[in-house]
Trainee: 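I'd like to ask you about the structure that follows.
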Amino acid sequence: LMRKNVDGLIIEPTKSAHINNNISYYLNFEKNGIPYVMINSSYPELDVPGIMVDDYKAGLLATNHLLALGHEKILGIFKTDDLQGINRFKGFVQAHRDNGFVPSYDMILTFTTEERGEILRNKVRDLIQRLGADRPTAIVCYNDEIALDVVNVLRDLKISVPDDMSIIGFDDSNLAELSEIKLTTIKHPKQKLGEAAANAVVNWIETKEPLRNSIVFEPELIIRHSTKEYKSK
């Protein structure tokens, strides 16, 4: 990139909960005065502004939606090697605290980037089968992709969404509306994030003034068909 005379960069971090192995590259950008911003998250060890959704509030919002519907046994499925997952998980736990209780150990399922796909689907299947009658009545999923994976697992187990179990995702991706069951989700304002990131880099290039503080967007709950009021049977 240095040899290609790049004027500025928009970077989406991976595994942002871990110390970045490529920190030398980012420090080199800084040393050479190349503007760059982080989108969706940031690396804490770098003094670089991030442009993101408030994922902590997003976790609160998703969990409070299910609590308001009467669900108390809520499973949280969160990715633990990026800050988005960590912050959504913190919001999940705090929403329970705000309502006078904390989730049990059995109601927390974590995974890493490498465990997406079949490994995670097996984890979900094993947990639901092991809990039996004590299974959750609702699930907060790290994102829409994971939510649809969970829906498929539940279908195999003859568990209906939302009649038997409510599901909520994050991102409001195309998957949320294209799926057989339209997902309740937390909106991820992709266009606004992209515009803010581009404007920040262009302004930095033109004025030589870097973005000083992170830009954080408020989350928005999008209610569709995958969540419903819980009624004990």
Side-chain angles (χ1 to χ4, degrees), residues 1-62 65 78-92 94 113 141-147 168-178 183-224:
L1 290 176
M2 299 292 291
R3 289 193 294 270
K4 293 181 179 179
N5 297 318
V6 171
D7 292 322
L9 294 164
I10 298 172
I11 298 166
E12 182 171 14
T14 59
K15 298 189 177 183
S16 53
H18 297 168
I19 293 176
N20 186 267
N21 292 328
N22 298 317
I23 191 170
S24 60
Y25 295 114
Y26 296 108
L27 294 176
N28 204 28
F29 293 150
E30 185 177 337
K31 178 181 177 182
N32 287 276
I34 297 176
Y36 70 99
V37 296
M38 300 281 185
I39 193 167
N40 289 328
S41 189
S42 61
Y43 292 114
E45 64 268 27
L46 295 170
D47 186 21
V48 178
I51 298 170
M52 62 198 77
V53 175
D54 189 327
D55 284 300
Y56 171 75
K57 286 186 179 179
L60 277 172
L61 191 59
H65 170 64
F78 296 101
K79 192 163 175 272
T80 56
D81 56 4
D82 70 40
L83 290 178
Q84 285 179 294
I86 295 294
N87 289 328
R88 290 169 185 178
F89 173 57
K90 288 179 179 179
F92 170 82
Q94 188 59 46
T113 300
C141 298
Y142 165 75
N143 63 17
D144 295 340
E145 178 185 1
I146 300 303
I168 186 168
F170 287 84
D171 294 343
D172 193 26
S173 64
N174 291 335
L175 295 172
E177 286 199 273
L178 293 175
L183 283 177
T184 296
T185 185
I186 304 297
K187 188 170 185 177
H188 185 273
K190 296 176 283 295
Q191 183 171 337
K192 290 181 179 179
L193 286 165
E195 289 173 354
N199 288 335
V201 172
V202 169
N203 184 70
W204 191 340
I205 292 170
E206 292 178 346
T207 67
K208 309 302 180 185
E209 285 293 323
L211 183 66
R212 299 295 181 185
N213 299 301
S214 293
I215 298 173
V216 182
F217 289 86
E218 290 295 308
E220 178 185 354
L221 175 65
I222 306 296
I223 299 176
R224 294 196 180 95

Trainee: Looking at every heavy atom in both Ala62 and Phe170, which two are closest together, and how far apart are they?
Mentor: CB-CZ, 3.8 Å

Trainee: List the atom of Cys141, the atom of Ala147, and the distance in Å for their closest heavy-atom pair.
Mentor: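 Residues Cys141 and Ala147, closest heavy atoms: SG-CA, 3.6 Å.
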
Trainee: Taking atom NZ of Lys192 as the centre, does the number of heavy atoms from other residues, nucleotides or ligands within less than 6.0 Å exceed 12?
Mentor: no

Trainee: Side chain to side chain contact (heavy atoms under 4.5 Å, CB included) with Asp172: which of Glu220, Arg224, His188?
Mentor: Arg224

Trainee: Closest approach of Ile11 and Tyr36, non-hydrogen atoms and distance?
Mentor: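 Answer, listing the atom of Ile11 first, then Tyr36: CD1-CD1, 3.7 Å.
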
Trainee: Counting only N and O atoms by type, is there a donor-acceptor contact under 3.5 Å from the side chain of Asn143 to the main-chain atoms of Ile146?
Mentor: yes

Trainee: State the CD1-NZ distance between Ile222 and Lys187, to the nearest 0.5 angstrom.
Mentor: 5.5 Å

Trainee: Rounded to the nearest 0.5 Å, what separates atom CG in Leu175 from atom CG in Leu183?
Mentor: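 With rounding to 0.5 Å, CG (Leu175) is 8.0 Å from CG (Leu183).
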
Trainee: Can you tell me how far apart CG (Asp7) and CD (Glu206) are? Round to the nearest 0.5 Å.
Mentor: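 Taking CG in Asp7 and CD in Glu206, the distance rounds to 10.5 Å.
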
Trainee: How far does CD1 of Ile186 sit from CG of Asp54, to the nearest 0.5 angstrom?
Mentor: 11.5 Å

Trainee: Work out which heavy atom in Phe89 is nearest to a heavy atom in Phe78; give both atom names and the distance.
Mentor: CD1-CD1, 3.6 Å

Trainee: Decide yes or no on side-chain contact (heavy atoms from CB on, under 4.5 Å) for Ile168 and Leu221, but give the supporting numbers first.
Mentor: CA-CA 10 Å; Ile168 186 168; Leu221 175 65; 3.8 Å; yes

Trainee: Go through the steps to decide whether Glu218 and Lys57 satisfy the test side-chain contact (heavy atoms from CB on, under 4.5 Å), and finish with yes or no.
Mentor: CA-CA 8 Å; Glu218 290 295 308; Lys57 286 186 179 179; 3.3 Å; yes

Trainee: Please report the interatomic distance CE(Met38) to CG(Leu9), rounded to the nearest 0.5 Å.
Mentor: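 Output value for this atom pair is 9.5 Å.
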
Trainee: Go through the steps to decide whether Asn40 and Leu193 satisfy the test side-chain contact (heavy atoms from CB on, under 4.5 Å), and finish with yes or no.
Mentor: CA-CA 8 Å; Asn40 289 328; Leu193 286 165; 3.5 Å; yes

Trainee: Apply side-chain contact (heavy atoms from CB on, under 4.5 Å) to the pair Ile10 and Val201, showing each step before the final yes or no.
Mentor: CA-CA 8 Å; Ile10 298 172; Val201 172; 3.9 Å; yes

Trainee: Write down the atom of Arg88, the atom of Asp171, and the distance for their closest heavy-atom approach.
Mentor: NH2-OD1, 3.4 Å

Trainee: Quick one: CG on Asn87 to CG on Asp82, what's the gap to the nearest 0.5 Å?
Mentor: 9.0 Å

Trainee: Determine the minimum heavy-atom distance between Ala200 and Val37, stating which atoms define it.
Mentor: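 Distance-wise, the nearest heavy atoms are CB-CG1, 4.2 Å.
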
